[in-house]
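Below: the structure, in C-alpha cells.
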Amino acid sequence: MPHDEVVREAPPDASEAGVAARQDAVPDLSALRPLDPRVMKAWRVAWLVRAGLAAPAAVVLLLLGRGLVAVALAALMLAFFAAAAFLPRASYRAWGFQLRPAGLLVRHGLLWRTVSVVPHARIQYVDTRRGPIERALGLATVVVYTAGSRGAAVRIPGLDAADAEALRDRLAALGEADDAV
Amino acid sequence: MTPSEPQRLHPFTVVFDAAATARGFLVPALFGGVSAGGGEFESVLTWTLALLSVPTILFAFARYLTFRYWLAGEELVIDSGVLSRRHRVIPLARIQNIDVRESALQRICGVAELRVETAGAGETEATLRVLGRAQAESLREALLAGRRTVVAGGDDAEPAAGEAEPVRELARLSARDLIIAGATASEAGIVAAALGGALQLLDDLPIDLPAFLPDPERIVELSEDTLLIAVVSIAGGLLLIGWIFSILGALVTYHGFTLEQTSSELRKRYGLLSRREAVVPLERVQAVRIEESWIRQPLRLAALKVETAGGTPQERQRGGAEAFLPLARAADVQRLVEAVLGGLDYDALRFRPAHPRARRRAFIRYTIVLALVAAGLTFALEPRWLPFLPVLPLAWLAAGRYYRNLGYALAPGFVVTRAGLLDRITWIIPDRRIQTVHLIDSPFQRRHGLADVVVDTAAGGRLREAEAKDIAYADALALVRELAARAAFTPAAAPRPASAARVPHPPRGSGGS
C-alpha cells in the first residue's frame with residue numbers, strides 16, 4: 001500500500017466521510033505491535049550489570065569498615081535484582097507501537113505512561129542504534145527525530161535488527177512526503 | 001546597497017570588541033585596586049591586569065582585520081577567526097529573525113550590532129559587531145529582501161527584492177502605557193527590583209538609622225507588635241521602591257515601543273538608552289503566547305509573545321520567545337493575534353474546561369505544599385497552630401483559580417491551550433506547527449481517569465510548552481488523534497533542526513549499525 005501517497009495527496013476533505021477517513025489514518029491504541037520479546041532479556045541483563053557493579057563495591061566498602069554505606073549499597077543491589085526480576089516483563093507490556101498512514105504511535109512507561117504520536121509529515125530523520133547488549137541479542141533501537149523541542153526524539157527499542165532497518169527505511173520514506181521549510 | 005563584495009565591519013569594532021573582552025577582568029581589577037585603597041599588592045595586581053589589555057586590543061584588532069562578510073546570492077557568508085579560520089554560510093531562507101541593537105555607547109558612536117538567528121544551535125548564528133548604523137540597516141533590508149525572494153522561489157507573484165513593502169502599524173505604546181506596564185509587571189520582577197533596591201540601600205545606609213527603625217541591640221526590648229510593624233513597614237517600603245524601579249525600567253527599556261507589520265514580517269522598535277529593532281518573518285512564527293498575570297487579569301491587560309525556533313542568547317537554548325508586545329489590552333488581543341496568525345477568531349474561542357476532578361487534585365497538591373510551608377513556619381511563630389490555620393482556605397482558593405484557568409479549545413486551523421495558577425498563559429498553535437503530540441498520565445491521574453496532552457512545537461524550551469491538563473482520558477485520546485490528524489494533513493512549514501551551515505543536514509534514513 002502506497003502510504004506516502006496518502007500523506008502527500010491527502011485532500012482537505014471536510015465531509016463526514018473525509019473526516020472519518022482522516023481519523024482512520026491516524027494511529028489509535030487498538031492492536032499495538034509489541035516489541036521483540038528478546039528485549040526483556042536485554043533489559044534484564046542491563047539490570048544485572050548494574051547489580052553486578054554494586055556488589056563488589058559493597059564488599060570493598062565493608063572491608064574498609066564503612067558498614068552503613070555498604071548496607072545502603074547492598075540494599076540498592078537487591079533493588080536492582082528485584083528490578084531485573086520484575087521490571088522487564090512489566091515494561092515489555094507497557095511498550096507498544098503502531099504505524100498508520102498518517103503517523104507513528106509509541107506507548108511506553110510504567111508509572112508515567114506516555115503515548116506519543118509523530119505525524120509522518122513531521123519526521124526530519126530516522127536513526128537505528130545498537131548497543132552492545134542489543135547487538136549480542138540481534139536487536140536494534142529506532143529513533144525518530146522531529147523539529148520539536150521536548151518530544152523531538154521518539155524511540156522504539158528492542159526491535160529485531162532486520163525489522164528495525166525496515167521500519168527505519170519505511171519511516172524515512174514516509175517522512176520525505178513533506179519537505180517544506 | 002547589497003554587499004556582494006567582502007566587507008569589513010566598522011573600525012569601531014576594535015573598541016567594542018576589546019571593551020567586551022576587557023570588561024571581564026579589567027573592571028573588577030580596577031575596582032579591587034581602588035577600593036583597597038592602593039595597597040602595594042593590589043596596585044601590582046591592577047597593573048598586571050591593565051597590561052593584559054594591550055594584547056586584548058591587539059587581538060581585537062586582528063579579529064577586525066580577519067573578519068569579512070558578504071552576500072553571495074542566496075547566502076550570507078562570514079569569514080572570521082585569527083588563528084583557526086571559520087567560514088560560515090547562512091542560507092537566507094533559514095533566517096528566523098534579525099536584530100539590530102544599539103547600546104547607549106554604540107548610539108553615541110553611530111554604530112549598531114546586527115544579529116541573525118536561524119533555527120540551529122542555541123547561540124546566535126551571526127553577530128556583526130559593530131556596523132555603521134546605516135550599513136546595519138541596509139544589510140538587514142538586503143538580507144530580508146533576499147530571504148523574501150528565495151522563499152517565494154519560482155513564484156512570480158512575489159514583488160521583486162528591494163521593493164518597499166507597505167507597512168501597517170499594529171501597536172504603539174505611550175508613556176502612559178509603559179507606566180501601566182511597569183506598574184503591573186510580574187510580582188517576581190517587582191520583588192527582584194525591590195531586592196536590588198534593598199541591596200543598594202544597605203550599601204549606602206547611613207550610620208544613623210532613621211528613628212522609626214529599631215536599633216538591632218534594642219530589638220529584644222521591643223514588644224512583638226512594634227517589631228511586626230517595623231518588619232512590615234520595611235518590607236512595604238522595599239516593595240514600593242521595587243515598584244518604582246519597575247516602572248522606571250519599563251519606561252527606559254520600552255521607550256517609544258512600536259510594532260509594525262509588513263506583508264511578510266513583524267518589526268518592533270524600542271528603547272530609550274539602548275535601542276533595539278527586531279524583525280521576525282511572519283512565516284517563522286511557531287506559536288503565540290498570551291500571558292495574563294494575576295495583577296493584569298482583572299485590569300483586562302496582557303502581554304503577547306511570539307515563539308520562533310530561533311535561539312535567544314539569554315536563554316541559551318533553542319526556541320525563543322519574543323515579547324512582541326509587552327502590554328496589550330484584552331480588547332486588542334483579537335486584532336493582534338489575527339494580524340500575526342491570520343484566520344483565528346480569538347474572541348469566539350470556546351474553551352473546554354478540564355475535568356472537575358482536576359480541582360480536587362489541585363486542592364490536594366496545594367494542601368500538601370502549603371502544609372509543608374506551614375510546618376516550616378511553626379518554628380518561627382509562637383502559637384504553633386497559627387501557620388496551619390490558613391492552609392485549607394488558601395489551598396481551596398488556589399485550586400479554584402488553577403481550575404478556572406485550565407482549558408483548551410479547537411478552532412479551524414488552530415489549537416489553543418490555557419493554564420497557570422497565578423499567571424494565566426494561553427498558547428495558540430497553528431496546526432501546521434504541531435510537531436508531535438503526547439498523552440501523559442501519572443499514577444495519580446490514572447486513578448481518576450485523567451491525562452495531560454502535550455502539544456510539541458519547534459518553539460519553546462523544556463519548561464514552556466502547550467499542555468491541556470487533567471482532561472478525561474477518552475477526551476485526551478480523542479484530542480491527540482485529532483491533533484495528529486491535523487498535523488499529518490496540514491502541509492508543514494517547519495524549520496529543520498539542523499543549523500544553517502555548521503552542521504550538515506543529516507541524510508534521511510541514515511545512521512544505523
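A, B, ... follow the sequence lines: proteins, then strands. Residue 1 opens every chain. Note: hydrogens, waters and symmetry copies are ignored here, and every other heavy atom, side chains too, is used.
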Practice prompt. Please determine, by modelled atom types, if B:Arg418 and B:Thr426 share a side-chain donor-acceptor pair under 3.5 angstrom.
Written response: yes
Discussion item. Regarding B:Lys469 and B:Asp452, does a basic nitrogen lie under 4.0 Å from an acidic carboxylate oxygen?
Written reply: no
Worksheet item: Where does A:Leu110 contact chain B at under 4.5 Å (heavy atoms): side chain, backbone, both or neither?
Response: backbone
Worksheet item: Which residues pass the side-chain contact (heavy atoms from CB on, under 4.5 Å) test with B:Leu344, sequence neighbours left out?
Response: B:Val337, B:Leu349, B:Ala411, B:Phe414, B:Ile428
Worksheet item: Which of the residues A:Ser116, A:Ala140, A:Gly103 is involved in the greatest number of heavy-atom pairs with chain B at under 4.5 angstrom?
Response: A:Ser116
Fill in: Region of B:Val453 in contact with chain A, defined by heavy-atom distances below 4.5 Å
neither
Worksheet entry | Between B:Val437, B:Leu483, B:Ile434, the one whose heavy-atom pairs under 4.5 Å with chain A are most numerous | B:Val437
Practice prompt. For B:Thr417, enumerate each residue passing the side chain to side chain donor-acceptor pair (under 3.5 Å) test, keeping only those at least two apart in sequence or located in another chain.
Written response: none
